[in-house]
Every structure is written in structure tokens, then in C-alpha cells.
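For the numbers below, each heavy atom of this structure counts, side chains included, while hydrogens, waters and symmetry mates do not. One is the number of the first residue; the rest follow in order along the sequence. Each ligand, and each atom within it, is numbered from 1 in the order the structure gives.
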Amino acid sequence: MGPCRTLSAMTNGAGASGHRPAPVSSAAFGDDWWRNGIIYQIYPRSFADRDGDGTGDLQGIIDRLGYLTDLGVDAIWLSPIYPSPGLDVGYDVSDHTTVDPVFGKDADFDRLVAEAHRRGVRVILDLVMNHTSDQHAWFQASRASREGPYADWYLWLDPSGWDADGRPLPPNNWLSWFGGSAWEWDERRQQFYMHTFLVEQPELNWRNPGVEQAQFDMVRGWLDRGVDGFRLDVFNAFLKHPELLANPEIEGATLWARQQHLYDRDQPDFPELIGRFRSIVDEQPGRMSVGELFASEAERAVLLTTERHMVFDWALLAAPWSADAYGDAIWLREKLFGDDRWLANVLSNHDQSRHATRLAESARIADTDAVARAAAVVLLTIRGTPFLYYGEELGLRDVAIPVDEIIDPPARRALADPDFEWWNRDQCRSPMPWGAGDGHGFTTGRPWLRFAGDAATRNVEQQSSDPGSVLSTYRRLITLRRSNDALRSGTLRLAQTGSRDVLAWHREAPTERMLVVVNFADAPRDTRVAAEGTYRAVGGSHLDPAEPGTDGVLQLRSLEAVVLRAD
Ligand code: GLC
């Protein structure tokens, strides 16, 4: 299809190791695994390092698949594994079709898919399709000439004018999420290009059919290699207004909030693009996708949710630890998504403060493990697919990173730019502590990022042998959920509890009726949940969950969450 295809067809990884991908064997839930199962996000750099260079790798993940099946997860989502200069720690991709040598070879990836499938675990890739690295061959070609086949693959514009010193002025007021203008002047082309993130992450022009075609070819390549699904990075930003109009200016607390982002994301024709993407993915059965909603509200997530395509909204993740805030978030999401749309539930990821720290701090609670155990009950018993972030099952907390060790680029910018506020995302990306001793079973080398200070005691080995640990609690709750129709797929209805610190909800399926009751207070609470029939505790945050008395009163301990089944 003309010269536009030359680079895109370059190294489409399909069949890199020359054999057909193994089918998923002994997996639970058939093609509906994405609704019924549990998805575990791996940040590959930090999970397990087989070759001892201090950075996690694919072989390391293969080594730990047994841990993941024991935990009871159905799929792993890998943060980007593609070649990258690493400026946005892998989200600046220079070739979407192959594996970064730091993680291994293409054959290692094929082996990972085969080994995961053999154990009934699906593999989900993170697709960063909104932008590329400035080192990507497409961008190199695009910036080389205003005439060539790739000239229009990125968003290029002339300056809006020149300042008194003869410097070019940006074409409009669009901003970068990582600080400053979204426009960068390119001396070679004598034009500006657009970037929502780093200067080194130029934005693709999805309105060019060649871009869409090349991206979809790449998607097909990964499907052919046996990939079971995709997480789409900042997907609602793919399309901009066709005329790249300036955003209206409004009142707001931050530079970003001082604009109504009408034209730089969330375009009305975007659902059709997702439809076209889904039809590629649906060429093979049982393949899912989940879109990362960029800087938008749950209402938008609803509009972009379709069959086998979920969307991360942030209503639950943004809630502080209180019965009120959680009740509001659960109610809002139930109301907006309704019965027809499936929810993606998440409390932590590689961009946010880890929830053991975040939630405990929001309620000024010292015992982060107690909060982590109760939050696990919420995550694993509300309606929707739970996404776990590696290490949350250990109650991992944010790690304080000294200023001279900061890697996260916007965090470095914030050090120097008083107009730009940012948190340090390195704090939630520290290496997985598998055991005690040097390298904590993660590496034999020097880890790319420091371990948590408590890694000698807070690790997989230690928590596996402690039935009361956060890890053992996750294991029990996951086992319960996987065997329980109501928890996996039942309806959700909030219940009255008579206590402002206690939140409760019913989960009901034709075969089962469950009731979940959570005490958000760091103190005991008695509660009586209005419910028909008698209920017995089958699990929860504590090893010996509270049982309702004959008077129907449930005496909950501090931060106790109980899962009950109707007789
Ligand atoms: C997404 C990723 C984040 C990255 C950004 C730009 O939000 O989750 O880590 O920095 O996109 O690619």
C-alpha cells in the first residue's frame, strides 16, 4: 500500500521465533476470562531479574509464573516491553513490534506466552499508541521532510507568529501534561510538533489513515503471537480536533485546569476509532482490551466502554479512605455504568501513590496493613474486573526516593519549575521483594531503583508463612471470589448500615446471595445490616471474621471487612 507501509511493515514481530503460539490450556472462565478473572499488572523493570543486571526481565517473569498461579490471577498485564530510550521509563517507544533487549529477546517473549498459557494465564500488552519516542523511525522520517511519506504522521504546525527577538510562537495554547507548552519547535522542519507528554514523546496524527493502518498491523502482529489483550495508554487522547483549535481558557487551580480541554482529547468521533480497533482484536475470540482514561471523568469512561473493552475510570482510585467516599464512588460508578457495561476496578498502578500508603494517610491511620487488607476486600468484592498492581498483595508502600535518585521525568521537572506540580512516580515502582538477603530474590546485581526500607521483613517469603499477612489475605479472598458466582458476576446494591463508618453491599446471582460489610474506622463498630434471611461469614480481612449475633448485630473490629453468604 504505497510507501507509507514501508516502515510499519518493518519488523512486525509475528512469528519472530517461527512457531505458532500455544493455546491457553487449563484456564478458567473460557472466553469470558476478562470479566470473571483477576488481572495482575507487572512493571517488568521491577518484578524479577534473571540475568542479574539489576533490571527485571521476561525470563524473570517466567520464573515467577508459579507464584502468580498460586495467587490465583488469570492474566498478567505487562507495562511496555518495547525498545525505548527510557526517558518515560518505557512509555516512549521507539519500535512497537519487538522486545527491548533489556527485557530479553523476542524468543523470550514467545516463551513467556507459551509458559503462561500452559498454566492458564493470559498475557496482556501495554500499547502506547498515542505517541512514540522521538527516536522512532516514523518520527525521524517525519521530521526530516515536509514532503516525504511520513511528513503528516505527527502533528506539525507553523508558528502563530514571532516574538520581538524573532523566536517562533507556539501555534496554540495547548499544554503538556508533563509541564510547559505542548508544542516544540523543530529547527529542521521549521515547524512545531505536538506532545502531550515529554518533548521526546511526539504525538501521532491518528487522522492520517497510514498511522491507523500501521498501528492496526502492529496489533495484528501481537495477536498472531498469542497475546490475549491490550491496555491502551491514554487512549482518549489519540484524536485531536481536525483543525487543532485552541482550548478555551477558564478559571482553575493549575495551569492544566485553566483550560477546557475541548480540542486536545475526547473527540466525538473517537468511539468509531475504538470500534475499528475492536474489530481487529475481535478477529480472534476471547481477546480483551482496556483503555486508560487520560485526565477525564467516569462519565467519559462510560461512553468509551464497549463489549470486551473496559475503561479505567478514576472515581474509586481517587476516593479517600472513608465509608462516605467509597459509598459515593461505588454508587456513582454503578449508576453510570449500569447493568450493560463492565467495570475495571483498580486501586494502584505505576502512576499513583500505592494505596496502602495513600489510603492510610488519607484517614490518618498508622496500620497500613490493616487498611490494605480491608481495601483488598473492597477491590475483590465489588462488581467488575479487579486489576492488581504487583506488590499490593504484600501491602507494599510508597518508597521515599532521595532527590538525587529521582528518575521520573516530570518529578525532575517539578524540582526546577515552581509553576508545575507533580508527585514522584518512582515511589510506587520499587523492585518486588521476594525474600530477605541481598537483592531480595529480585536481583543478584544492583537494582535499578531502591527497595523499600522494610523489604527484609515485608516480602513474599515472609508473608507466605504468615496466615494473617496481607498476602495470605489476598490469596484467601481470591480463592473465594473465583468460586463464587455472586462475587464475580452478581448485581451490586448498597445496603443501610446505620453507621457512618460502615459501608455494606449485596452481591446477588441466581445461585448465591452475598453481603459485604466494611468498617472504615480505626476503631470497633457495631452494625446491623438490614438484610433478608440469615448470613454466615465466609471470609474477610481477618482470619476469624466476625459473625452476626442472633440479634443480627455484627461486631466489627477496627478496619474489619467481612464477606457473608446467605444461608
Ligand atoms: C500513561 C502511562 C504513564 C505515561 C504516560 C505517557 O499515563 O500510564 O506512565 O507516563 O501515559 O505515556
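A salt bridge does not link Asp264 with Lys240: none of the charged nitrogens is closer than 4.0 Å to a carboxylate oxygen. Ion pairing between a basic and an acidic side chain is recognised when a charged N comes within 4.0 Å of a carboxylate O; Asp126 and Arg231 show such pairing.
Proximity to Phe178 (heavy-atom distance under 4.0 Å) selects the following atoms of ligand 1: 10 (O). Residue-ligand proximity, Val234 to ligand 1, at heavy-atom distances under 4.0 Å covers atoms 1 (C), 7 (O), 11 (O).
Residue, atom and distance of the protein heavy atom nearest to atom 7 (O) of ligand 1 are Glu292 OE2, 2.9 Å. When only non-hydrogen protein atoms are considered, atom 9 (O) of ligand 1 lies nearest to Asp351 OD1, 2.7 Å. Here the protein heavy atom with the shortest distance to atom 12 (O) of ligand 1 is His131 NE2, 2.9 Å. Ranking the protein heavy atoms by distance from atom 2 (C) of ligand 1 puts Asp233 OD1, 3.0 Å first.
By the 4.0 Å heavy-atom criterion, Trp177 is excluded from the residues contacting ligand 1. Not a single heavy atom of His195 sits under 4.0 Å from any atom of ligand 1.
Ranked by closest heavy atom to atom 5 (C) of ligand 1, the top entry among Asp92, Val89, Asp88, Leu87 is Asp88.
The six-membered or imidazole ring of Trp434 lies near that of Tyr67, with a centre-to-centre distance under 6.0 Å.
Two residues are said to be in side-chain contact when any heavy atoms from C-beta on lie closer than 4.5 Å; Met218 and Met129 meet this criterion.
Ring geometry for His96 against Trp138 counts as parallel: the plane angle stays under 30°, on a 0 to 90° scale with 60° as the upper cut. Note: His350 and Tyr91 have parallel aromatic rings, judged against thresholds of 30 and 60 degrees for the angle between ring planes.
Looking at residues two or more places apart in sequence or on another chain, you find a ring-ring contact (aromatic ring centres under 6.0 Å, His included) between Trp321 and Tyr326, Phe520.
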